[in-house]
Number of protein chains: 2
Amino acid sequence: MPTTKSGSYHHGDLRHAVLTAALDVIATEGPGALSLRDLARRAGVSHAAPAHHFKDRTGLLTAIAAEGYELLADALADAADLRERGVRYVRFGIEHPAHFQVMFQPDLLRGDDAALLAARARAGAELRTGVAEVPATGRGENARLAGIAAWSLAHGFATLLLSENLREPVGGRDPEEVFRTLAELLFSGSRASRK
Amino acid sequence: MPTTKSGSYHHGDLRHAVLTAALDVIATEGPGALSLRDLARRAGVSHAAPAHHFKDRTGLLTAIAAEGYELLADALADAADLRERGVRYVRFGIEHPAHFQVMFQPDLLRGDDAALLAARARAGAELRTGVAEVPATGRGENARLAGIAAWSLAHGFATLLLSENLREPVGGRDPEEVFRTLAELLFSGSRASRK
DNA sequence: CGAGCAATCTAGCCAGCGACAAGTTCAAGT
DNA sequence: ACTTGAACTTGTCGCTGGCTAGATTGCTCG
């Protein structure tokens, strides 16, 4: 697994190696189990090497969060409608659980990091675009509320899913499909038109 | 409160003191900043004293989570209807941010703890009761979906609120009130059984 | 009443961690 | 050839969690 670089005692791509190892650890054991020294060991480098790429532990987590927001923005970019955008949101949580966990835990992050803020803004814009596309929700106050509602629904569903709280109610079914019918059920009534 | 005899020994009530200090730390700096030794220092006892009441760090967090589920169940108990129950859920998150954060981070908890499981079951029952009370959602599949939807909405709203992600859209308004109108907006149209 | 006993707390230890500082190697660019 | 700077190593400090052994306390029961 350690990208064997015979001869060169400079690891070929340590930043990437540490990043992916970190995602693996977070996804399986949670962010609390993350240790820079452990990551260094996995990559076959000295204990202080990772710090050169990510200042400190918070820096690493912040980089992961920023990457997560970029991935989320990408994932939302070309969705058909608002409901599909919600499905993408949920899918993002399922496919990138480590990113997702870190992104929404502000106490783990450097909140003023430039890359993080930029990525978050991009994802936020993508989110808001999705709401604006729905004609019936209309303008002003209602549009904003609908946006919060949609985001809350998708985020809550994804969060509960990742925290094992929806294991029983969802059963063996595909979570994305469950969410799709869920969203249809709810938003069908919030506009004038019925199905 | 939870099954404690709380006699006055060396400290008086160390368990309670540590618990409240922990909640304070978590609420202000997050669960990652929690240190048993720091809590011991605050309580004026030796560094190993807290471990006697809560086995280890995970034990402390598990106790907090269990207490959180108890508090949540209490909070949901006498709500008028489903929407109000959602408002209570959000309010719980706002009033007990430390509990809320810990409850839904499984990697911090001892998942097989008896007290935790009992408390979680109680809160879960309370949650399901709230859904069953709504007549229009009806029976079977739709009822379950509506339950997931309601929970997701409330949970997502609370989570986003606590992670500072709703600061701008909510603005200066009362979050509970925002959620109330939100829930009304969504659930007003979902009563007629579709399909 | 007083002796045992268990709950509570202390003190000391170890391995591991994050952060920092200073040195080392390497690949360029001038 | 010499410098410059990035990537990495080595060493160290203070802190943490968790363990163990031992001390103290107060409750209970004979």
Side-chain angles (χ1 to χ4, degrees), chain A residues 2-22 24-26 28-65 102 105 107-110 113 115, chain B residues 2-22 24-26 28-65 102 105 107-110 113 115:
Chain A
T3 46
T4 48
K5 270 305 204 172
S6 55
S8 175
Y9 287 86
H10 276 49
H11 189 288
D13 191 359
L14 182 59
R15 186 187 164 93
H16 182 256
V18 168
L19 225 34
T20 54
D24 188 51
V25 172
I26 295 174
T28 59
E29 304 174 70
L34 199 73
S35 145
L36 289 182
R37 287 173 117 101
D38 178 50
L39 297 177
R41 246 173 270 129
R42 293 184 187 221
V45 295
S46 83
H47 63 89
H52 188 265
H53 294 273
F54 317 91
K55 174 100 177 161
D56 52 15
R57 215 183 98 105
T58 304
L60 169 59
L61 290 166
T62 302
I64 290 176
V102 173
Q105 228 170 332
D107 54 289
L108 297 179
L109 310 177
R110 190 119 39 213
D113 182 83
Chain B
T3 72
T4 319
K5 27 197 282 183
S6 78
S8 182
Y9 300 97
H10 293 142
H11 176 274
D13 192 357
L14 183 60
R15 185 186 164 94
H16 181 255
V18 167
L19 225 34
T20 54
D24 188 51
V25 171
I26 295 173
T28 60
E29 303 174 71
L34 199 74
S35 146
L36 290 181
R37 286 173 117 99
D38 178 50
L39 296 177
R41 248 173 269 129
R42 292 185 188 220
V45 295
S46 81
H47 68 254
H52 188 265
H53 294 273
F54 318 91
K55 175 103 175 159
D56 52 16
R57 214 184 97 106
T58 304
L60 169 58
L61 290 166
T62 303
I64 291 176
V102 173
Q105 227 170 331
D107 55 288
L108 298 179
L109 309 177
R110 190 119 39 214
D113 181 82

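Each chain gets a letter, A, B and so on, in the order its sequence line appears, and its residues count up from 1.
Every residue two or more places apart in sequence or in another chain that forms a side chain to side chain contact (heavy atoms under 4.5 Å, CB included) with Leu109(B) is listed here: Leu61(B), Thr62(B), Ala65(B), Val102(B), Leu116(B), Arg120(B). Under the side chain to side chain contact (heavy atoms under 4.5 Å, CB included) criterion, Ala51(A) pairs with no residue, sequence neighbours left out. Residues that satisfy the side chain to side chain contact (heavy atoms under 4.5 Å, CB included) test with Ala63(B), not counting sequence neighbours, are Arg15(B), Phe54(B). By the side chain to side chain contact (heavy atoms under 4.5 Å, CB included) test, His16(A) is found to be paired with Asp13(A), Thr20(A), residues two or more places apart in sequence or in another chain being considered.
Contacts between residues 47-61 of chain A and DNA chain C, defined by a heavy-atom separation under 4.0 Å, are made by His47(A), Ala48(A), Asp56(A), Arg57(A). Taking every heavy atom of residues 29-39 of chain A and every atom of DNA chain D, pairs under 4.0 Å involve Arg37(A), by number.
Counting only heavy atoms from C-beta outward, the side chains of Val45(B) and Val18(B) never approach each other to under 4.5 Å. A heavy-atom distance below 4.5 Å is not found between the side chains of Leu60(A) and Pro50(A).
Here the C1' atom of nucleotide dG17(D) and the CZ atom of Arg110(B) are 13 Å apart, to the nearest Å.
Residue pairs meeting the salt bridge (charged side-chain N to carboxylate O under 4.0 Å, His left out) criterion with at least one partner in residues 37-52 of chain B, sequence neighbours excluded, are Asp24(B)-Arg42(B), Asp38(B)-Arg41(B), Asp38(B)-Arg42(B). Applying the salt bridge (charged side-chain N to carboxylate O under 4.0 Å, His left out) test to every pair with at least one member in residues 45-58 of chain B, sequence neighbours left out, gives these pairs: Asp56(B)-Arg110(B).
Counting any heavy atom pair closer than 4.0 Å across all strands shown, Arg41(A) reaches sugar-phosphate atoms only and no base atom.
Across its full length, the helix from dC1(C)-dG30(D) to dT30(C)-dA1(D) shows an angle of 0° between the axes of its 5 terminal pairs at either end, rounded to 10 degrees.
Nearest heavy atoms, Ala22(B) versus Ile64(B): CB-CD1, 3.9 Å.
One finds the CG atom of Asp107(A) at 9.5 Å from the CD atom of Glu29(B) (value rounded to the nearest 0.5 Å).
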